[in-house]
Participant: 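My questions all concern the structure below.
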Amino acid sequence: MTTEINLGEQTTTGADAIDVAIAQGVDFDGSPIPSAKLELYTQVMGLEAGRQRSGVSNTMRSRIVRIGAKHIPQPELDQKLVDAGFAPLKEKEIAFFYGGK
């Protein structure tokens with residue numbers, strides 16, 4: 001069962017929850033995010049925004065692996081990637097995301 005916490009109009013679930021909190025400058029517990037942290041985050045995200053992308057499919061696969069590894073067992077994620085037409089998990093991805101489990 002998933003628990004959703006609302007802080008006024010703010011929710012702590014979903015893909016955009018972090019972005020909304022950062023834009024508001026307020027953590028989920030209601031405390032302000034220190035300006036030094038916000039400034040560093042803004043600087044790094046600005047650098048990332050200017051980076052040339054290699055392709056949508058590559059980025060989709062990277063996100064699926066990075067996030068999927070948190071929720072889906074390795075053999076299942078590997079099969080789902082193959083079934084969807086992506087390359088299977090690479091040894092270095094398995095080691096990085098599943099090696100410590």
Side-chain angles (χ1 to χ4, degrees):
M1 180 173 173
T2 303
T3 302
E4 184 174 297
I5 301 169
N6 287 309
L7 301 172
E9 294 298 314
Q10 185 178 11
T11 179
T12 61
T13 62
D16 298 329
I18 297 294
D19 292 333
V20 170
I22 292 168
Q24 293 175 349
V26 179
D27 207 328
F28 292 147
D29 65 2
S31 64
I33 300 170
S35 61
K37 289 182 179 181
L38 288 170
E39 289 169 15
L40 178 57
Y41 180 83
T42 301
Q43 177 188 10
V44 171
M45 291 303 106
L47 294 169
E48 180 65 9
R51 183 174 65 87
Q52 180 64 42
R53 303 300 172 172
S54 61
V56 174
S57 288
N58 289 339
T59 300
M60 287 174 60
R61 185 189 177 284
S62 294
R63 289 178 180 177
I64 290 166
V65 170
R66 179 174 39 90
I67 296 168
K70 296 175 188 176
H71 305 283
I72 304 170
Q74 182 262 316
E76 185 180 345
L77 179 58
D78 195 47
Q79 188 60 54
K80 287 179 179 292
L81 287 167
V82 172
D83 291 348
F86 289 108
L89 290 168
K90 301 170 188 166
E91 288 300 320
K92 67 180 185 176
E93 291 170 331
I94 294 169
F96 183 81
F97 292 109
Y98 293 100
K101 294 182 180 179

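Position 1 is the first residue of the sequence; numbering continues from there.
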Participant: Going from CE on Met45 to CG on Leu40, what distance comes out if it is rounded to the nearest 0.5 angstrom?
Facilitator: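 The CG atom of Leu40 is 8.5 Å from CE of Met45, to the nearest 0.5 Å.
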
Participant: Identify, with sequence neighbours excluded, every residue that meets salt bridge (Lys or Arg N to Asp or Glu O under 4.0 Å) alongside Glu48.
Facilitator: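 So Glu48 forms a salt bridge (Lys or Arg N to Asp or Glu O under 4.0 Å) with Arg51, Arg53.
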
Participant: Look up atom OG1 in Thr12 and atom CG in Asp29, then write down how far apart they are to the nearest 0.5 Å.
Facilitator: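 Thr12 OG1 to Asp29 CG: 11.0 Å, rounded to 0.5 Å.
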
Participant: Do Ile33 and Tyr41 come within less than 4.5 Å of each other through their side chains, counting heavy atoms only?
Facilitator: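 The answer is no; the side chains never approach within 4.5 Å.
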
Participant: Identify the residue among Leu38, Thr42, Asp27 that makes a side-chain contact (heavy atoms from CB on, under 4.5 Å) with Ile22.
Facilitator: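 For Ile22, the side-chain contact (heavy atoms from CB on, under 4.5 Å) check succeeds only for Leu38.
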
Participant: What closest approach, in Å, do Pro73 and Tyr98 show between heavy atoms, and which atom pair accounts for it?
Facilitator: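 In this case the closest contact between Pro73 and Tyr98 is C-OH, 3.8 Å.
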
Participant: Run the side-chain contact (heavy atoms from CB on, under 4.5 Å) check on Asp78 and Phe86 step by step: do they pass?
Facilitator: CA-CA 9 Å; Asp78 195 47; Phe86 289 108; over 6 Å; no

Participant: If I compare all heavy atoms of Arg61 with all of Lys90, which pair ends up nearest, and what's the gap?
Facilitator: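 Answer, listing the atom of Arg61 first, then Lys90: NH2-N, 4.1 Å.
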
Participant: Are Ile67 and Val65 in one and the same hydrophobic cluster, where Ile, Leu, Val, Met, Phe, Trp and Tyr link if side-chain heavy atoms are under 4.5 Å apart?
Facilitator: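 No, Ile67 does not connect to Val65 through the hydrophobic network.
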
Participant: Working to the nearest 0.5 Å, report the span between CD of Glu76 and CG of Asp83.
Facilitator: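 Rounded to the nearest 0.5 Å, the CD-CG separation comes out at 10.5 Å.
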
Participant: Can you give me the closest heavy-atom contact between Phe28 and Ala21, atom names plus distance?
Facilitator: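 Of all heavy-atom pairs spanning Phe28 and Ala21, the closest is CE2-CB, 3.9 Å.
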
Participant: Establish whether Leu89 and Met60 are linked, either directly or via other cluster members, by ILVMFWY side-chain heavy-atom contacts under 4.5 Å.
Facilitator: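 Both belong to a single hydrophobic cluster.
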
Participant: Are Phe97 and Val82 linked, directly or through intermediate hydrophobic residues, by side-chain heavy-atom contacts shorter than 4.5 Å (ILVMFWY only)?
Facilitator: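 Different clusters.
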
